[in-house]
**Student:** 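Could you have a look at this structure, given as structure tokens, before my questions?
Just so you know, ligand 1 is whichever comes first in the structure, and atom 1 is the first atom listed for that ligand. Index from 1, following the sequence. Not measured: the values here are computed from a predicted model.
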Amino acid sequence: MTILRRVLLVLAIAVALPYLWVPVYRFPAPRAFSGSALWNPYAQLHGTWQLANLHAHGRSWRGLTNGRQSGADVVRAYRDRGYAVAGLSDYQRLAGHGGIAALPIYEHGYNVSKYHQLAIGARRIEWLDFPFWQGPNQQQYILDRVKQSAELVAIAHPMSAYTAADLSALTGYQLLEVVNGHFIAEDLWDAALSSGHAVWIVANDDTHDVTDPQRMAVAWNMIDAPSGDTRDVIAALATGRAYAVSGNGEHKDGVDAVLTSVDVHDGTLVVSLAGTPATILFIGQNGSVRKTAELATTASYTMMPQDSYIRIVIRTPNTVMYLNPVIRYDGVRLPSPVATRDGNATWLQRTLIAFGCIALVPVLWRRPTTATTM
Ligand SMILES: [Zn+2]
């Protein structure tokens, strides 16, 4: 019993230590976008769209986290389908540094609740995580740490862990994987946008097997970059110069329309596409549909004073295209709310948890004889 107790004690302290250290944050109050100017992410397009997937798994960690094929085979499968950017995002591992020519990405997270992030343009691996419970403070601390290791942080498959309340409070992530395979979480994106977080959409397969038709070339990004090089792709993603696509079938034979432009003049948005006529939706604060145009290859919408942002969704027979929002702002820069550390609350929490750990020691470290002589 003594050994079991001592193992339990050590485990308890190992689990408590990161919780002991995590700061307590003050989260910014939700504030809808406002201002007289309109930010249009598509104002200056290069017109060269790079087809990209940013989330795929090769075989790694001796098969413990399962990708069916090797990283090189995964990259090749995407290249064969015409992808300019074939992202390989193994868990806690930078495949791009292992000799595979791919955008440097890894997927961070090894917790039971599946709070995962894509570290895009990563320079190193962030190893800290909270394997069990995560509250807003733990989630924020992880986002901040992952950001220190990479150019951009995308919250991966938010539908499997994060709530609307989480996404309207958290800061420090630039992208949201609104489309993950066939799973779509527009409501979570609207929760973030409606609270004043200018975060951009990404759509990815998250494939673990390139022969699985449900997870291969079914969700992709069109990134307006002069080339598929890391620097160009990251610059475009950082400013929202991209759109996300969810397909009924494979990208290869599924594309029946592409975006050509989004223009904003005197408060009116005009969107145009090339290809089959589509249903075009204009969506605003809290996900409310502000206007729908049927069988159109161009459509317009005039921003109302109460419209904090407008994002466009284009439904064709084969695909759904999700465009980044046109956002109200002050004409200088987009707001970037930041969760700040509450110093006093942080030290109070650290002290309480430290006392809790110390109190565990005599309970678990006493000799069995003490118990039997009672
Ligand atoms: Zn994941």
**Student:** Could you tell me whether Q44 atom CD has more than 12 heavy atoms of other residues or ligands within 6.0 Å of it?
**Tutor:**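 Atom CD in Q44 is not crowded, with 12 or fewer foreign heavy atoms closer than 6.0 Å.
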**Student:** Which donor-acceptor pairs under 3.5 Å do side chains of residues 7-29 form with protein atoms, sequence neighbours excluded?
**Tutor:**
{"unit_1": "Y19", "atom_1": "OH", "unit_2": "W133", "atom_2": "N", "d": "3.3"}
{"unit_1": "Y19", "atom_1": "OH", "unit_2": "W133", "atom_2": "O", "d": "2.4"}
{"unit_1": "Y25", "atom_1": "OH", "unit_2": "D144", "atom_2": "OD2", "d": "3.2"}

**Student:** Tell me the protein N, O or S atoms under 2.8 Å from the Zn ion (ligand 1), in chain and number order.
**Tutor:**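 The answer is E107 OE2, H116 ND1, H157 NE2.
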**Student:** Considering all heavy atoms of both residues, which atom of G240 and which atom of P41 are nearest to each other, and what is their separation?
**Tutor:**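 The answer is O-CB, 3.5 Å.
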**Student:** Applying side-chain hydrogen bond (donor to acceptor under 3.5 Å, both in side chains) between E107 and each of Q117, H55, R93, Q92, report the one that passes.
**Tutor:**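 Of the listed residues Q117, H55, R93, Q92, the side-chain hydrogen bond (donor to acceptor under 3.5 Å, both in side chains) partner of E107 is H55.
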**Student:** Passes ring-ring contact (aromatic ring centres under 6.0 Å, His included), H157 versus F183? Steps please.
**Tutor:** CA-CA 8 Å; H157 44 74; F183 299 94; 9.8 Å; no
**Student:** Could you tell me how the ring of F282 sits relative to the ring of Y301: parallel (under 30°), tilted (30 to 60°) or perpendicular (over 60°)?
**Tutor:**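 The arrangement is parallel - the two ring planes meet at less than 30°.
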